Every structure is written in C-alpha cells, then in structure tokens.
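Computed from heavy atoms alone, side chains included, the values below leave out hydrogens, waters and symmetry copies. What you see is a predicted model; the values in this text were computed from it and never measured.
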Amino acid sequence: MWWGQFNFDEQETKCWRVGDRLVAIRRSEHEWSVWNKETTQELDKPIQVNKLKARESLKEIAIQRFMVSNTSTTLVIEPSLADRAMVVRPNKPFFVMPEEEINIFVSTPLWMTLLLPKSDIPLTDIPFWRPSDSWFGPSTMSGDLCYSKYTDAKMDNSLLEKRPHRASTMVTLKNEQDEPLRVERLNLPVPALKLYTNQNGDFWSDQVSILQIKEHGKSISHVRHNPPEKTLSLELVSESRELSNKPSFLSSIKSLVD
C-alpha cells in the first residue's frame with residue numbers, strides 16, 4: 001500500500017513512482033527533503049514504493065526542504081482530494097429532461113499529503129498528476145479558478161476506469177426546471193468532500209447531489225454531499241480540506257452546471 005505510516009532510518013530515501021513520475025523523500029537528522037519529478041501526461045500504471053535505483057540521481061529534480069529540530073522515524077502519507085474545485089467536461093454534452101434525475105460517475109486525481117506524526121499541518125501537498133487550470137463562472141470578473149478534466153461520464157459504475165491515484169465520485173443531477181438541462185461542464189466542489197477507501201483499495205469521495213432550479217429567472221444549483229450510499233465497507237481516509245488544515249481554494253459558485 002502506498003499510503004499510511006512509513007518508517008525512515010536516518011539518511012534513508014524512499015521513492016513513490018508511477019512509471020516515470022517520481023516523488024522521493026529523504027530523512028536527515030534535522031531535515032526532510034522531498035524531490036518531485038512530474039510528467040506531462042497522466043500515466044495508467046500502479047503506484048510503487050521502493051528505493052533509489054543504482055546510479056539514479058536526484059540532482060536535476062526540484063527539491064523542497066523542511067527543517068525541524070530533530071526528525072522522527074515516522075512520516076505519514078495521506079491521500080487527499082484536489083485543493084480546488086474540478087471542472088468535469090463530458091466527452092459529449094448531454095441533456096437532463098425536466099423532472100428527471102440521473103446518476104453519473106466520474107473520477108478525479110489524488111494528491112499525496114506528507115504529514116509529521118501528531119501534526120495536522122502538512123509538510124507539502126503533491127498531486128500525482130496536476131490537471132490544467134480552468135475558469136468557471138459567468139464572466140472573467142466573476143467565477144473561480146479551478147482544475148479541468150475531460151472525462152467520459154459513466155452512468156454505470158462498473159464501466160468507470162479505476163486507477164490507484166484517482167478517486168471516484170457519484171454525482172446525482174436532478175432537473176426541476178421546465179426545460180431540458182444541457183450539461184457541458186460540471187463543477188465538482190472536491191475540497192468540500194471527504195475521501196474513503198473500500199475493501200478493494202478503491203478510493204471514493206462523498207457523493208454529490210445537484211438540484212437545478214430556476215430562481216428569479218436564473219438557473220441556480222442547490223448542492224449537498226454525503227457519504228456514498230452504493231459502496232459498502234468504506235473506511236474514512238481523510239477529511240475534506242475545508243475541515244482540515246490542508247490548503248483549499250474553494251469559494252461560492254452560484255451554478256455548478258454549465
């Protein structure tokens with residue numbers, strides 16, 4: 001398992017790899033060093049935890065250094081959801097008819113949060129794959145900076161591709177307007193969601209319910225989130241960023257459907 005508590009000897013380096021994607025962590029007497037080698041493309045490979053390879057160098061990789069009076073033997077690696085809302089773009093737009101309710105399933109990338117024992121403040125917070133930036137809002141003056149992800153939103157959970165560095169989310173869309181609701185983009189408030197794992201090691205977030213109605217002639221989203229109902233034997237992995245000390249950039253958005 002790639003997350004949990006890890007023991008480090010002094011001067012020991014451990015590596016988290018997804019293909020060429022690399023996060024390396026070294027413990028020194030007074031310092032934790034973290035190297036982060038990113039890739040431009042998301043890789044569909046398992047997460048491996050191992051040591052540096054023979055003659056493998058970290059000199060050309062960006063490094064972060066975290067100083068303490070004395071390092072402990074243990075470091076906690078915690079999976080986390082993204083630090084911004086995620087704009088999910090289906091491959092093809094679809095309509096939700098009036099007075100209809102549908103469920104769709106999407107997945108979003110995980111972050112790797114490094115914590116010292118008995119501390120709620122992370123050393124650092126690293127995405128396995130950082131999505132591109134996106135703006136969601138009615139204008140360039142009103143809206144939010146988010147992440148963007150193209151996805152083939154599935155109505156059958158079994159068809160959703162599972163990856164060890166992604167979390168699945170069930171989204172319920174209910175259209176209580178008197179006209180079809182065209183869905184080109186959905187804004188998922190992932191910093192407000194908790195993260196869970198099931199008996200198979202798959203990650204799930206809180207499920208999100210979006211009720212779309214008309215108020216004073218404008219289309220408005222009413223949103224709530226709660227633990228997944230259709231997945232059994234869930235274990236809470238991490239609290240939402242809004243309820244923790246992890247950085248979060250979520251703000252209020254009038255409509256989550258575009």
Side-chain angles (χ1 to χ4, degrees), residues 3 42 44 47 78-94 96 101-113 125 127-132 134 136 144 146-175 181 183-212 221-244 246 248-251 253 255-258:
W3 57 277
E42 184 180 16
D44 186 12
I47 301 172
E78 186 175 282
S80 303
L81 292 167
D83 57 1
R84 300 181 197 162
M86 187 77 64
V87 178
V88 176
R89 302 170 182 263
N91 287 338
K92 296 180 181 179
F94 60 88
V96 181
E101 178 179 301
I102 66 166
N103 293 327
I104 61 173
F105 297 88
V106 299
S107 68
T108 57
L110 289 175
W111 265 234
M112 177 179 173
T113 302
D125 201 22
F128 278 104
W129 172 71
R130 188 185 185 281
S132 59
S134 180
F136 192 95
D144 289 81
C146 306
Y147 293 119
S148 179
K149 175 189 179 293
Y150 284 94
T151 182
D152 188 10
K154 305 293 187 183
M155 297 190 71
D156 184 346
N157 170 37
S158 64
L159 300 178
L160 189 66
E161 186 177 5
K162 303 293 193 302
R163 297 183 182 182
H165 56 281
R166 281 187 165 274
S168 302
T169 303
M170 186 179 85
V171 181
T172 300
L173 277 171
K174 186 173 184 180
N175 181 19
L181 174 65
V183 179
E184 294 186 9
R185 303 190 299 167
L186 284 174
N187 193 316
L188 289 185
V190 289
L193 308 181
K194 297 179 181 180
L195 182 65
Y196 309 83
T197 186
N198 64 15
Q199 64 272 25
N200 298 322
D202 300 325
F203 290 101
W204 285 86
S205 77
D206 285 334
Q207 66 185 44
V208 177
S209 299
I210 303 175
L211 172 65
Q212 200 74 10
S221 299
H222 288 269
V223 184
R224 71 176 190 272
H225 46 82
N226 49 277
E229 297 175 353
K230 297 182 180 296
T231 303
L232 301 177
S233 303
L234 287 175
E235 174 189 350
L236 180 65
V237 173
S238 62
E239 288 285 352
S240 68
R241 290 181 180 270
E242 289 192 324
L243 297 177
S244 71
K246 300 173 191 174
S248 174
F249 301 97
L250 183 67
S251 62
I253 303 174
S255 180
L256 300 188
V257 181
D258 189 12

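- Closest non-hydrogen pair, Pro131 versus Tyr147, comes out as O-CD2, 3.7 Å.
- Considering all non-hydrogen atoms of both residues, Ala192 and His225 come closest at O-CE1, 3.3 Å.
- You'll find the side chain of Arg241 reaches within 4.5 Å of the side chain of Ser80, heavy atoms only.
- For the residue pair Ala85 and Pro189, the shortest heavy atom distance occurs at CB-CA, 4.3 Å.
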Practice problem: With side-chain contact (heavy atoms from CB on, under 4.5 Å) as the test, would you mind laying out the steps for Leu186 and Ile104 before giving the verdict? | Solution: CA-CA 11 Å; Leu186 284 174; Ile104 61 173; 3.4 Å; yes
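- Between the side chains of Thr169 and Ser205, at least one donor N or O lies within less than 3.5 Å of an accepting N or O.
- Within the 4.5 Å cutoff, the side chain of Trp3 has heavy atoms near those of the Val237 side chain.
- What you find for Gln207 and Pro228 is that their closest heavy atoms are OE1-CA, 3.5 Å.
- Scanning all heavy atoms of the two residues, the minimum distance from Trp129 to Arg166 falls at CZ3-NH2, 3.6 Å.
- Donor-acceptor pairing under 3.5 Å is lacking for the side chains of Ser233 and Asn198.
- Contact check for Phe94 versus Met155: no side-chain heavy atoms found under the 4.5 Å cut-off.
- Ring geometry, Phe128 versus His165: the interplanar angle falls from 30° to 60°, so the pair is classed tilted.
- The main-chain N or O of Val96 is found under 3.5 Å from a side-chain atom of Asn175 such that the two form a donor-acceptor pair.
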field: Audit row: Asp156, Phe105, side-chain contact (heavy atoms from CB on, under 4.5 Å) steps and yes/no
entry: CA-CA 7 Å; Asp156 184 346; Phe105 297 88; over 6 Å; no
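- Between Ser148 and Arg185, the closest side-chain pair of non-hydrogen atoms is not below 4.5 Å.
- Rounding to the nearest 0.5 angstrom, the gap separating the CZ atom in Arg84 from the CG atom in Asn187 is 12.0 Å.
- Contact of the Leu81 side chain with the Leu110 side chain is registered, since non-hydrogen atoms from C-beta on lie closer than 4.5 Å.
- To the nearest 0.5 Å, the span separating CG on Leu211 from NZ on Lys174 amounts to 6.5 Å.
- When all heavy atoms of Pro191 and Ala82 are compared, the pair lying nearest together is CG-O, 3.7 Å.
- Using modelled atom types, no side-chain atom of Asp206 and backbone atom of Leu193 make a donor-acceptor pair closer than 3.5 Å.
- When the side chain to side chain donor-acceptor pair (under 3.5 Å) test is applied to Asp202, no partner is found at least two apart in sequence or on another chain.
- Taking 4.5 Å as the limit, every side-chain heavy atom of Met170 sits out of range of all side-chain heavy atoms of Asn157.
- Partners of Arg130 under the salt bridge (Lys or Arg N to Asp or Glu O under 4.0 Å) rule, at least two apart in sequence or in another chain, are Asp133.
- Residues passing the salt bridge (Lys or Arg N to Asp or Glu O under 4.0 Å) test with Arg163, sequence neighbours excluded: Glu42, Asp44, Glu161.
- For the pair Leu195/Pro79, a side-chain contact is recorded, criterion being any heavy-atom separation below 4.5 Å from C-beta on.
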Q: Take Gln212 and Leu173 through the test side-chain contact (heavy atoms from CB on, under 4.5 Å) and record every step on the way to the result.
A: CA-CA 8 Å; Gln212 200 74 10; Leu173 277 171; 5.9 Å; no
